[in-house]
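Below, chains carry the letters A, B, ... as their sequence lines are ordered, and counting in each starts from 1.
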Number of protein chains: 2
Amino acid sequence: MEIPPVVIDRLPLYARALSKLEVGGRDVVSSQELGTLLGVTPAQIRKDLSYFGRFGKQGRGYNVRKLLDELQRILGLDRQWSMALVGVGKLGRAILGYGGFAPQGFRIVEAFDASPKRIGERINNLTVKDVADLERTLLKKPVEVGIVAVPAEIAQDIIDALVKCGVRAILNYAPIAARVPPGIQIKRIEPVLALQSMTYYMKNARRAAASARS
Amino acid sequence: MEIPPVVIDRLPLYARALSKLEVGGRDVVSSQELGTLLGVTPAQIRKDLSYFGRFGKQGRGYNVRKLLDELQRILGLDRQWSMALVGVGKLGRAILGYGGFAPQGFRIVEAFDASPKRIGERINNLTVKDVADLERTLLKKPVEVGIVAVPAEIAQDIIDALVKCGVRAILNYAPIAARVPPGIQIKRIEPVLALQSMTYYMKNARRAAASARS
DNA sequence: ATCTGTGAAGCACTTCACAGCG
DNA sequence: CGCTGTGAAGTGCTTCACAGAT
């Protein structure tokens with residue numbers, strides 16, 4: 001069956017909420033309650049889960065531990081993923097320093113930059129390599145994900161190189177509409193775009209209406 | 001007329017592409033060409049723009065400068081927006097140091113933190129204030145946008161406080177499904193969620209299919 | 001009695017296809 | 001002839017509403 005991409009985008013949210021519930025010692029949760037926690041309708045949660053199987057018990061709800069396991073398996077979160085960062089400027093350094101990837105199984109195992117000042121530098125147990133050696137390095141020791149934190153002008157070239165090295169997903173921090181071949185995943189992380197669409201709803205100072213979408 | 005939210009989300013992309021074209025000295029562009037640049041169908045671009053007016057010339061295309069002006073006006077990008085950052089840890093510092101906001105008219109004018117170590121610290125011409133003074137400060141001198149870069153546990157409280165101070169949009173970096181009253185905009189910036197949905201398509205190593213969505 | 005799982009209905013968004021203007 | 005603007009058709013996603021399990 002072909003699953004709607006929006007559904008896939010919501011599953012990590014469900015998983016995170018379940019994870020919190022589990023830590024809190026919760027055994028069972030209903031779609032109603034989970035929906036309230038996440039700002040999603042109960043029907044949507046049930047429908048989303050129904051694409052993958054029947055995980056609940058009628059009259060009771062879902063077993064927190066079991067559903068979380070299922071979601072992690074479905075999403076491929078029951079394993080480690082290795083990533084290569086390209087661009088070790090201010091943004092790249094922040095990404096290297098960010099503590100949120102590792103606990104979720106995402107590890108940055110290579111860092112590249114073009115500036116002689118940065119090549120050879122040691123940050124967070126990683127030695128920055130010359131971007132000229134990117135293909136050599138990643139063809140020998142492939143990674144699954146590429147993180148692009150380079151200036152816009154060269155971002156597409158870097159993305160092409162990463163794809164050539166077998167990367168199957170890209171997290172793009174550069175402000176460009178990058179093109180990738182079919183089958184390769186790419187998501188942009190762009191705070192400015194997020195701001196620029198929110199201003200549309202803000203510019204008329206209307207206190208009412210303008211439904212907020214988390 | 002009620003405009004589909006997805007349309008609003010695409011307009012900043014169009015604006016950015018037009019901006020690049022303008023810098024490149026381009027006078028006119030067709031929906032076909034703009035679509036190729038952005039990976040969007042020409043029909044979608046024309047339909048999106050048609051919600052707001054008739055900006056093109058049949059047989060020719062769109063005047064780059066004029067369409068860019070219109071989009072900036074529509075999105076409210078023809079003015080400055082002031083923002084307050086809450087949380088000056090590693091992530092908050094990276095946000096303060098990020099050079100991408102100011103050129104687009106978004107200025108961080110206040111920074112708050114709870115840690116005595118950070119309060120009073122001067123970063124990028126901003127003095128970090130005590131988060132206990134958040135309401136006092138922002139009620140006196142309101143900002144339009146709040147940037148939340150605090151630990152998950154206190155993020156909802158901070159968001160509530162910001163909303164109380166009249167903030168109309170929130171850029172949320174904390175890993176929670178935050179709730180805001182209707183009329184308040186909120187967008188999450190969460191690289192981990194982006195990764196966690198991409199893995200779904202990666203876990204079976206299928207080289208074919210699995211359409212990539214930029 | 002409660003809450004799931006799900007066809008069917010409803011709504012939202014995208015694409016088609018072409019009239020009409022430059 | 002080229003390209004926009006747009007109703008209409010098509011596709012995809014969400015919500016409804018209820019049968020059925022516990």
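With values rounded to the nearest 0.5 angstrom, B:E33 atom CD is found 6.5 Å from B:L21 atom CG. A distance of 7.5 Å separates CZ of B:R168 from CD1 of B:I184, quoted to the nearest 0.5 Å. Rounding to the nearest 0.5 angstrom, the gap separating the CD atom in A:Q32 from the CZ atom in A:R46 is 9.0 Å.
One interatomic measurement links the two molecules: CG of A:L67 to P of C:dT4, which rounds to 11 Å at whole-angstrom precision. If you take CD of B:Q32 and P of D:dC1, they are 19 Å apart, rounded to a whole angstrom. The distance between atom CG of A:D27 and atom P of C:dC3, rounded to the nearest whole Å, is 16 Å. Here D:dC3 presents its P atom at 12 Å from OH of B:Y62, a figure rounded to the nearest Å. Per the geometry, CG belonging to B:N63 stands 16 Å off P belonging to C:dG22, to the nearest Å. Taking atom CG on A:L34 and atom C1' on C:dG5, their separation rounds to 16 Å, with Å as the unit.
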Side-chain donor-acceptor pairs of residues 145-158 of chain B under 3.5 Å, sequence neighbours excluded:
| unit_1 | atom_1 | unit_2 | atom_2 | d |
| --- | --- | --- | --- | --- |
| B:Q156 | OE1 | B:R179 | N | 3.0 |
| B:Q156 | NE2 | B:D160 | OD1 | 2.9 |
| B:Q156 | NE2 | B:R179 | O | 3.0 |

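In the region residues 40-61 of chain B, proximity to DNA chain D at under 4.0 angstrom, judged on heavy atoms, holds for B:R46, B:K47, B:S50, B:R54, B:F55, B:G56, B:K57, B:Q58, B:G59, B:R60, B:G61. Using a 4.0 Å cut-off on heavy atoms, none of the residues of residues 11-21 of chain B approach DNA chain C.
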### Task
Decide yes or no on salt bridge (charged side-chain N to carboxylate O under 4.0 Å, His left out) for A:D69 and A:R65, but give the supporting numbers first.
CA-CA 6 Å; A:D69 279 350; A:R65 176 73 243 165; 2.4 Å; yes
### Query
Where do B:R10 and B:D48 land on the salt bridge (charged side-chain N to carboxylate O under 4.0 Å, His left out) test, with the steps shown first?
CA-CA 8 Å; B:R10 277 191 297 266; B:D48 285 355; 2.7 Å; yes
### Task
Run the numbers on B:R16 and A:E190 for salt bridge (charged side-chain N to carboxylate O under 4.0 Å, His left out), then give the verdict.
CA-CA 12 Å; B:R16 189 166 67 190; A:E190 292 204 43; 2.5 Å; yes
### Query
What's the verdict on salt bridge (charged side-chain N to carboxylate O under 4.0 Å, His left out) for B:D27 and B:K66, showing C-alpha distance, side-chain angles and the deciding distance?
CA-CA 9 Å; B:D27 278 354; B:K66 185 178 157 239; over 6 Å; no
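When each of C:dC3, D:dT14, D:dC3 is scored by its nearest atom to the side-chain atoms of A:S30, the top-ranked nucleotide is C:dC3.
Side-chain polar atoms of B:R107 and B:S82 form no donor-acceptor pair below 3.5 angstrom.
Between A:S31 and C:dT4, a side-chain N or O to OP1/OP2 separation shorter than 4.0 Å is present.
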